[in-house]
Number of protein chains: 2
Amino acid sequence: MRARVHITLKTGVLDPQGKAICHALEALGFEGVTDARQGKVIEIDLVEEDPTKAREQVDEMCRKLLANTVIENYVIDLD
Amino acid sequence: MRARVHITLKTGVLDPQGKAICHALEALGFEGVTDARQGKVIEIDLVEEDPTKAREQVDEMCRKLLANTVIENYVIDLD
């Protein structure tokens, strides 16, 4: 089973990468961009085939390693 | 309109971040992880409201700035 974890910065947390993208797009002549934010996607291949157990396992991985829950939110999608 | 761009490494391209995640999960005692890959998500807020035009615009941004098309694939989702 494959899990996809989307990790994004919480609202209000400064996102320098997003700001850099915004400015670079403007410098390249792209108009009409009001904001940009950058996050991470982590794809994990699991042996576990039970969706409930897989989700629990990935949730624990997020809390222990993948996401910094002080400043980041995460969403888990299972395929 | 908001566009979300998923950028992932092409198959066969070495992914050291993914490998590091894989090893770290193993070291933390998580079993049954066969592979991990890391990619990026970029969320862009656009003034453009027409989906076709917005997609064209974001596609050009990807080719010119956001993705390295030699080693990366990108997928554009519009909300």
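Computed from a prediction, not measured in an experiment: that's the story for all the values here. In what follows, chains carry the letters A, B, and so on, assigned in the order in which the sequence lines appear, proteins first and then strands, with residues in each chain numbered from 1.
The hydrophobic cluster around V47(A) extends to none of the other residues, as no ILVMFWY side-chain heavy atom falls under 4.5 Å of it. In the hydrophobic clustering, where aliphatic and aromatic side chains (Ile, Leu, Val, Met, Phe, Trp, Tyr) are joined below 4.5 Å either directly or transitively, V75(B) stands alone. Clustering of Ile, Leu, Val, Met, Phe, Trp and Tyr by side-chain heavy atoms under 4.5 Å joins L14(B) with none of the others.
No part of I7(A) comes within reach of chain B, as not one of its non-hydrogen atoms sits under 4.5 angstrom from that chain. Heavy atoms of I44(A) lying under 4.5 Å from chain B belong to its backbone as well as its side chain. Contact annotation for L25(B): both backbone and side-chain heavy atoms come within less than 4.5 Å of a heavy atom of chain A.
In this structure, F30(A) is a member of the same hydrophobic cluster as L46(B), with clusters built from ILVMFWY side-chain heavy atoms closer than 4.5 Å. Cluster membership check: L9(B) does not share its hydrophobic cluster with V5(A), using side-chain heavy-atom separations under 4.5 Å among Ile, Leu, Val, Met, Phe, Trp and Tyr. Cluster membership for L66(B) and M1(B), using ILVMFWY side-chain heavy atoms within less than 4.5 angstrom, is shared.
Rounded to the nearest 0.5 angstrom, L65(A) CG and L28(B) CG are separated by 5.5 Å.
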Listing needed: what donor-acceptor pairs below 3.5 Å join chain B with chain A?
unit_1	atom_1	unit_2	atom_2	d
H6(B)	NE2	H6(A)	NE2	2.9
E31(B)	O	Q57(A)	NE2	3.0
G32(B)	O	V47(A)	N	2.8
T34(B)	N	D45(A)	O	2.8
T34(B)	OG1	D45(A)	O	3.2
D35(B)	O	D45(A)	N	2.8
R37(B)	N	E43(A)	O	2.8
R37(B)	O	E43(A)	N	2.8
R37(B)	NE	E43(A)	OE1	3.2
R37(B)	NH2	E43(A)	OE1	3.3
G39(B)	N	V41(A)	O	2.7
G39(B)	O	V41(A)	N	3.1
V41(B)	N	G39(A)	O	3.0
V41(B)	O	G39(A)	N	2.7
E43(B)	N	R37(A)	O	2.8
E43(B)	O	R37(A)	N	2.8
E43(B)	OE1	R37(A)	NE	3.2
E43(B)	OE1	R37(A)	NH2	3.2
D45(B)	N	D35(A)	O	2.8
D45(B)	O	T34(A)	N	2.8
D45(B)	O	T34(A)	OG1	3.2
V47(B)	N	G32(A)	O	2.8
Q57(B)	NE2	E31(A)	O	3.1

